[in-house]
4 protein chains.
Amino acid sequence: MGVTMDGTKQQRRGNTRQRIQDVALELFAEQGYEKTSLREIAERLDVTKAALYYHFKTKEEIIVSLFEDLTQPIQELIDWGQGQPHTLETKQEIVRRYSRALAGAEPLFRFMQENQATVRELRIGDSFKDKMRDLRDIVIDPESSLVEQVRCVSALFTLHAGMFVMQDLEGDFEKRREAVLEVALDLVRQAHEGARRES
Amino acid sequence: MGVTMDGTKQQRRGNTRQRIQDVALELFAEQGYEKTSLREIAERLDVTKAALYYHFKTKEEIIVSLFEDLTQPIQELIDWGQGQPHTLETKQEIVRRYSRALAGAEPLFRFMQENQATVRELRIGDSFKDKMRDLRDIVIDPESSLVEQVRCVSALFTLHAGMFVMQDLEGDFEKRREAVLEVALDLVRQAHEGARRES
Amino acid sequence: MGVTMDGTKQQRRGNTRQRIQDVALELFAEQGYEKTSLREIAERLDVTKAALYYHFKTKEEIIVSLFEDLTQPIQELIDWGQGQPHTLETKQEIVRRYSRALAGAEPLFRFMQENQATVRELRIGDSFKDKMRDLRDIVIDPESSLVEQVRCVSALFTLHAGMFVMQDLEGDFEKRREAVLEVALDLVRQAHEGARRES
Amino acid sequence: MGVTMDGTKQQRRGNTRQRIQDVALELFAEQGYEKTSLREIAERLDVTKAALYYHFKTKEEIIVSLFEDLTQPIQELIDWGQGQPHTLETKQEIVRRYSRALAGAEPLFRFMQENQATVRELRIGDSFKDKMRDLRDIVIDPESSLVEQVRCVSALFTLHAGMFVMQDLEGDFEKRREAVLEVALDLVRQAHEGARRES
DNA sequence: AATGAATGAGGGTTCATTCAT
DNA sequence: AATGAATGAACCCTCATTCAT
């Protein structure tokens, strides 16, 4: 029942879990986590609230699942980076790939950025912080001065800012991303050179 | 009869209004706006919820009042900056003062940073965005290339990041603030020089 | 203090009780008793809620006082009527005077008409019902048939309807009042004649 | 599985919706709309307040639903009346049927009568006023004098008065209804004859 | 795979009222 | 004659969650 030749209905039925995630992410990113109610999500999907509970045990689990799915590229990036030598080239490649990862899951990262207080209280909070720290530790040279360390962190956060707060600068999304990337790479290079000068 | 030594309005009022603001800011910064209930605020103050409504018409008005009170230094900074020539020195002075302003109202800015989604929906949202843009426009050279513009925004954002996300770097608060400031000033200088080279 | 030569301020201050009654009646008639809050009344008068409590012990007392003040003409009418012989002329005079009394305290009677459920629960409820019954018993001939009795009640009720529900009929207020009065007088006359025919 | 003999929607729903309406009408008629709280309704039904919200979006919607359900006979009466010639017989038939309709939904009409101020602010207010006007316009002869028009409106309002304010006259409900009806029919006849005499 | 019906807890808000000053 | 500050009770409403079907 409900299985048609071309499978449209089945597809629509079959991937409800996915559809919940899509709608939830959209709404979470738009209005925040607490202001988005399950009723709202359910209504947009034209199912009942109870249906959501068939697929997810709690509201929190919805966002956890989103986080786990969409954060995987970041984890892979970390895994890759940790296996590389701490050269400038590695660091810059990390920055390049991170920029791409952010762009690839923009709504999630916008959500994380704009709902930090919420995220902190959620189960994902620590996990996310860990990833951020891992990433930072690849880019940072632990023996360098505090100023150079800040430069590195600044590089990473410049990427974030580029995603979420520079939307009224001139240029389209891609142009902006390139400019942001250039600044970030520059920061990393300066930090690297600064560290060499110190030692 | 409620008239104290200095006789300020706040104090004549039995300073409950002020106490509400203090507790509210503390809780808002700690748990976020939506997760903080008026019941909670009232309980901490050992008054009833209704008492809050004697001093503030709505929950939103509490945070608006906080914003208006604590954001004043930023506005003064903007006013000052808009009256200065667009020299490198001006820009750097803006950065220095902004860093101090952020440090002076840390809980509020932490709150704004961590509850952007909430803030966006509040009445203060636009007002805050305006201030940020004003500030940016003082530091940015509108004729410079996109990259140099990004560098400026990055400078400002580095100050934010320094406040709220670098807490596990080595060094105490003041040391960190100095390092962050140095990086931000550097970014502004680079942007300024970059712009001159272009033209 | 506050006493000026021409006494304007004093007057304004001196008759606060009256002003409360005026504003209260206006708002009660407009929005109903329960939907009108003391805050609203106080705000219109530019005093605090607590000031109302200097003049009236409770919200209910405000409306009771209005009722007692404005209902006096009706009571006088009843007193007069009960001392007259039960002639047609007496009955019609009652109707004429009642019509005038209604017109003279229109907001109060509109309020009574439109908030019967509320009035019923108030202390004034019974008192008002009593007056209505007294009035009716003057107009009605207790030995006449039920139909003729209904005609009399209908006469009184027509006066009410004329006040409050015929506002979109043609003619101005006074024209309408005359027409309504004519119909009511007619009903009383018919009832009177009907009763004579029966006996 | 909730499917009963006649299988109506109401009953399949476990008829809670219907029960809410019943209890609500009873309480609204008894105490008025504002003085009846949802807590009270819920308690009588031995469900939680939240359950009410499953069936009705707001408190107002409860009364709107009652109005829409119980007012239907009036609407049908209007529809019928508007298709008939404006003869005396039609008018009198309207009056007869209206009397029956009022008797058939007494609690609702008592409520409307006794809570006019409330009703006016509700969504149903205008709709009800419209119906009253439609009804009136069927009974009234627009070319007749104001007095005769008043007589017609008076006829309709006599029916109301008969429902709600003549309860302490002698006779049982049905006897009273007949007497009231007779007076109302008489008024319509007089208005009709008066109009013919005029032209 | 999903619904209908309901719950318990809590939300922000408003009210009439009080009382020391 | 009136205010400032506060209270307690209640209000309507929304939420995440549950569970039998």
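Letters A, B, ... mirror the listed sequences (proteins, then strands); counts begin at 1.
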Q: Which residues satisfy the salt bridge (Lys or Arg N to Asp or Glu O under 4.0 Å) test with C:Asp69, sequence neighbours excluded?
A: none
Q: How would you list all residue pairs meeting ring pair (Phe, Tyr, Trp, His ring centres under 6.0 Å) that involve residues 29-48 of chain A, not counting sequence neighbours?
A: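 Of all non-adjacent pairs touching residues 29-48 of chain A, those that pass ring pair (Phe, Tyr, Trp, His ring centres under 6.0 Å) are A:Phe28-A:Tyr33.
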Q: To the side chain of D:Tyr53, which of F:dA1, E:dT18, F:dC13 is closest?
A: F:dC13
Q: Please identify each residue that fulfils salt bridge (Lys or Arg N to Asp or Glu O under 4.0 Å) with B:Glu60, with sequence neighbours left out.
A: none
Q: Quick one, which residues of residues 118-126 of chain A touch DNA chain F with a heavy atom under 4.0 Å?
A: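 Close to the strand, none.
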Q: Which nucleotide, F:dT18, E:dA16, F:dC15, lies nearest any side-chain atom of A:Ala50?
A: F:dT18
Q: Could you tell me whether the side chain of C:Thr16 reaches within less than 4.5 Å of the side chain of C:Leu45, counting heavy atoms only?
A: no
Q: Output the single nucleotide from F:dT17, F:dA6, E:dA2 whose closest atom is nearest the side chain of A:Ala51.
A: E:dA2
Q: Who passes side-chain contact (heavy atoms from CB on, under 4.5 Å) against B:Arg120, sequence neighbours left out?
A: A:Glu114, B:Ala117
Q: Provide, to the nearest angstrom, the distance between the CZ atom belonging to C:Arg19 and the C1' atom belonging to F:dA1.
A: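 Nearest whole value for this atom pair: 13 Å.
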Q: Considering heavy-atom distances to DNA chain F, does A:Glu60 or D:Lys59 have its closest nucleotide positioned more toward the 5' end?
A: D:Lys59
Q: In whole Å, what is the span from the CD1 atom of D:Ile62 to the P atom of F:dC13?
A: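 Taking atom P of F:dC13 as the reference, CD1 of D:Ile62 is at 9 Å.
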Q: Is there a side-chain contact between B:Arg17 and B:Ser65 in this structure, where contact means two heavy atoms from C-beta onward sitting under 4.5 Å apart?
A: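 In contact.
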Q: Could you tell me the separation between the CG atom of C:Asp46 and the C1' atom of F:dA2, rounded to a whole number of Å?
A: 12 Å
Q: With sequence neighbours excluded, tell me which residues meet side-chain contact (heavy atoms from CB on, under 4.5 Å) with D:Glu43.
A: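 Listed in chain order: D:Arg39.
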Q: Is there a side-chain contact between D:Ile63 and D:Leu122 in this structure, where contact means two heavy atoms from C-beta onward sitting under 4.5 Å apart?
A: yes
Q: With sequence neighbours left out, what residues match D:Lys131 under side-chain contact (heavy atoms from CB on, under 4.5 Å)?
A: D:Phe67, D:Thr71, D:Ile74, D:Gln75, D:Ile78, D:Ser127
Q: Would you indicate which nucleotide in E:dT3, F:dC13, F:dA6 comes nearest to any side-chain atom of D:Thr58?
A: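 Closest nucleotide to the D:Thr58 side chain: F:dC13.
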Q: Looking at E:dA1, I'd like to know if its phosphate oxygens (OP1 or OP2) sit under 4.0 Å from a side-chain N or O belonging to A:Thr16.
A: no
Q: Distance check needed: F:dA6 P versus B:Arg17 CZ, whole Å only.
A: 13 Å
Q: With sequence neighbours excluded, what pairs up with D:Glu106 under the side-chain hydrogen bond (donor to acceptor under 3.5 Å, both in side chains) test?
A: D:Arg110
Q: Output the rounded distance in Å from OH (D:Tyr54) to P (F:dT14).
A: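 For the pair D:Tyr54 OH and F:dT14 P, the rounded distance is 16 Å.
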Q: Can you measure B:Leu52 atom CG to E:dT14 atom P for me and round it to whole angstrom units?
A: 13 Å
Q: Checking contacts here: which listed nucleotide (F:dA6, F:dA2, E:dT17) is nearest the side-chain heavy atoms of C:Thr48?
A: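 Ranking F:dA6, F:dA2, E:dT17 by closest atom to the C:Thr48 side chain puts F:dA2 first.
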Q: Could you work out, with side-chain contact (heavy atoms from CB on, under 4.5 Å) as the rule, every residue matching B:Arg44, not counting sequence neighbours?
A: B:Val23, B:Glu26, B:Leu27, B:Glu30
Q: Could you tell me which residues satisfy salt bridge (Lys or Arg N to Asp or Glu O under 4.0 Å) with C:Asp126, sequence neighbours excluded, listed by chain and number?
A: none
Q: With a 4.0 Å heavy-atom cut-off, tell me which residues in residues 25-45 of chain A come close to DNA chain E, sorted by residue number.
A: none
Q: Send over the distance from C:Lys57 NZ to E:dC19 P, rounded to a whole Å.
A: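 After rounding, the reported distance stands at 13 Å.
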Q: Report the secondary structure of DNA chain F in dot-bracket form, marking unpaired bases with a dot and bases paired to a different strand with |, and treating Watson-Crick or G-U pairs with both distances under 3.5 Å as paired.
A: .||||||||||||||||||||
Q: Between the base of E:dT3 and the side chain of A:Lys49, is there a donor and acceptor pair under 3.5 angstrom?
A: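 A donor-acceptor contact between them is absent.
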Q: Using whole Å, report how far NE2 of B:His55 lies from C1' of F:dT3.
A: 14 Å
